[in-house]
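Notes follow the structure.
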Amino acid sequence: MRTSTQRRRPELAAFLRNRRARVTPADVGMPPGLRRRTPGLRREEVAQLSGVGVTWYTWLEQGRPINASPQVLDAVARTLRLDPPEREHLYRLAEVPFQSAPAGLTRRISAEVQGIVDALDPLLAVVYNSRYDVLATNAAYRDLFQLPKIRTGLPNVLWTVFTLPEGACPVVHREKELPLMVATLRSSYGRHVGEPAWEEYIRGLSAASPWFAELWASGTVAPPGPRVKTFRHGGVGEIRMTSQSLSLDGMPECRIVVYNPADEEARAKLAVLRERREPSYLSGTDHR
């Protein structure tokens, strides 16, 4: 039985040949030349444009068992004009750990995603990016939470829970929940180390909250995951909720978090909040 690596190598070879054939010399600013037998670039041209040896690239395209670094794969991807999904596919076939290309965080959501979030009512739903900016909410979420905007123009959950007085914070058991949130933030930060927007965000929140600064300095890392959390509301008291994160295609580092009442008491309290809902809350207001 063939191993996974043995199956990937022919796929890698075919993928590179196919993508090389799509790129013409004109696409990369080269003269067409004479007696060109291939519809796209030659192997030596890909190697030259990517800054790698011709033999090395030939072996890569032949599916030979050679090692490739992320830097070299990125250079090949640029030469072959691969789009983000193709670049990720190249990494997978070459068996190199994939990291998405540095890019600004998503700060807008589509009408389709907003429609999904709205349709989840009476369940509470919110869309976060990996920095805990709030991109969209539904009316049920807004029944329970009021998140102020900060200087970025978007509500941010971490800024809210770390800068509000303890008695005004909607999260009960802060000593347990907030360290987990910071650890989840750090797991995302690893993909953005050195990016000005992220560094400014960390510096600003550290200055605003000594507790955040202390937790951040601990270096603890944790992935997002399902949780049972207790929140407080001034009108109905404490409410126990379960949370579940759902990924979004085409929106890397974003997730829909859905909150479900953990018991009948919570369900009844949420019903009370729905009855008190203002008509404006039904408009699908988001934070784009």
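One-based numbering along the sequence shown.
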Item to check | Spatial distance of atom CG (Leu93) from atom CG (Leu16) [nearest 0.5 Å] | outcome: 8.0 Å

Next on the checklist: Taking Glu177 first and then Arg227, would you say they form a salt bridge - that is, a charged N and a carboxylate O separated by under 4.0 Å?
Outcome noted: yes

Next on the checklist: With a 4.5 Å cut-off on side-chain heavy atoms, are Asn260 and Gln244 touching?
Outcome noted: no

Checklist entry - Which word best sums up how the rings of Trp198 and Tyr201 line up, parallel for under 30°, tilted for 30 to 60°, or perpendicular for over 60°? => result perpendicular

Next on the checklist: Quick one, Val157 with Val134, criterion side chain to side chain contact (heavy atoms under 4.5 Å, CB included). Give me CA distance, side-chain angles, the key distance, then yes/no.
Outcome noted: CA-CA 7 Å; Val157 171; Val134 177; 3.8 Å; yes

Next on the checklist: Would you say Ser50 and Thr79 are linked by a side-chain donor-acceptor pair, where the criterion is simply a distance under 3.5 Å?
Outcome noted: yes

Item to check | Between Asp121 and Asn138: side-chain donor-acceptor atoms closer than 3.5 Å | outcome: no

Checklist entry - How far apart are the C-alpha atoms of Thr137 and Arg142, what are their side-chain angles, what is the distance that settles it, and do they pass the side-chain hydrogen bond (donor to acceptor under 3.5 Å, both in side chains) test? => result CA-CA 7 Å; Thr137 61; Arg142 296 189 295 275; 2.8 Å; yes

Next on the checklist: Quick one about Tyr57 and Glu45 (side-chain donor to acceptor, distance below 3.5 Å, no hydrogens or angles considered), yes or no?
Outcome noted: no

Checklist entry - How long is the gap from CG on Leu180 to OG1 on Thr220, to the nearest 0.5 Å? => result 9.5 Å

Next on the checklist: Looking at Asp83, I'd like to know if its CG atom is crowded, meaning that more than 12 non-hydrogen atoms belonging to other residues, nucleotides or ligands lie closer than 6.0 Å.
Outcome noted: yes

Checklist entry - For the rings on Trp216 and Tyr189, is their centre-to-centre separation under 6.0 Å? => result yes

Checklist entry - Hey, are Glu61 and Arg17 close enough for a salt bridge, meaning a charged N less than 4.0 Å from a carboxylate O? => result no

Item to check | Residues Glu86 and Arg22 bridged, charged N to O under 4.0 Å | outcome: yes

Next on the checklist: For the backbone of Val172 and the side chain of Arg232, can you confirm whether one donor and one acceptor N or O come within less than 3.5 Å of each other?
Outcome noted: no

Next on the checklist: Pairing donors with acceptors under 3.5 angstrom, does anything connect the side chains of Tyr91 and Asp74?
Outcome noted: yes

Item to check | Test item: Gln62 and Arg43 side chains (from C-beta on) under 4.5 Å apart, heavy atoms | outcome: yes

Checklist entry - So Tyr259 and Tyr141, would you call those rings parallel, tilted or perpendicular, with 30° and 60° as cut-offs? => result tilted

Checklist entry - Just wondering, are more than 12 heavy atoms of other shown residues or ligands nearer than 6.0 Å to CH2 in Trp211? => result yes

Checklist entry - Quick one: is the NZ or CZ of Arg92 closer than 6.0 Å to the six-membered ring centre of Phe15, and within 45° of its axis? => result no

Item to check | Side-chain ion pair, Glu253 and Arg131, N-O less than 4.0 Å | outcome: no

Checklist entry - Would you find a donor on one side and an acceptor on the other, under 3.5 Å apart, between the side chain of Lys229 and the backbone of Ser243? => result no

Item to check | Any donor-acceptor pair under 3.5 Å from Arg255 side chain to Leu246 backbone | outcome: no

Item to check | Non-hydrogen side-chain atoms of Leu185 and Phe212 separated by less than 4.5 Å | outcome: yes

Item to check | Leu60-Val54 co-clustered via ILVMFWY side chain contacts under 4.5 Å | outcome: no

Checklist entry - Are any side-chain N or O atoms of Ser209 and backbone N or O atoms of Leu205, one a donor and one an acceptor, separated by less than 3.5 Å? => result no

Item to check | Charged N-O contact under 4.0 Å between Arg8 and Glu11 | outcome: no

Item to check | Sidechain-backbone polar pair: Ser245 side chain, Val257 backbone, donor-acceptor under 3.5 Å | outcome: no

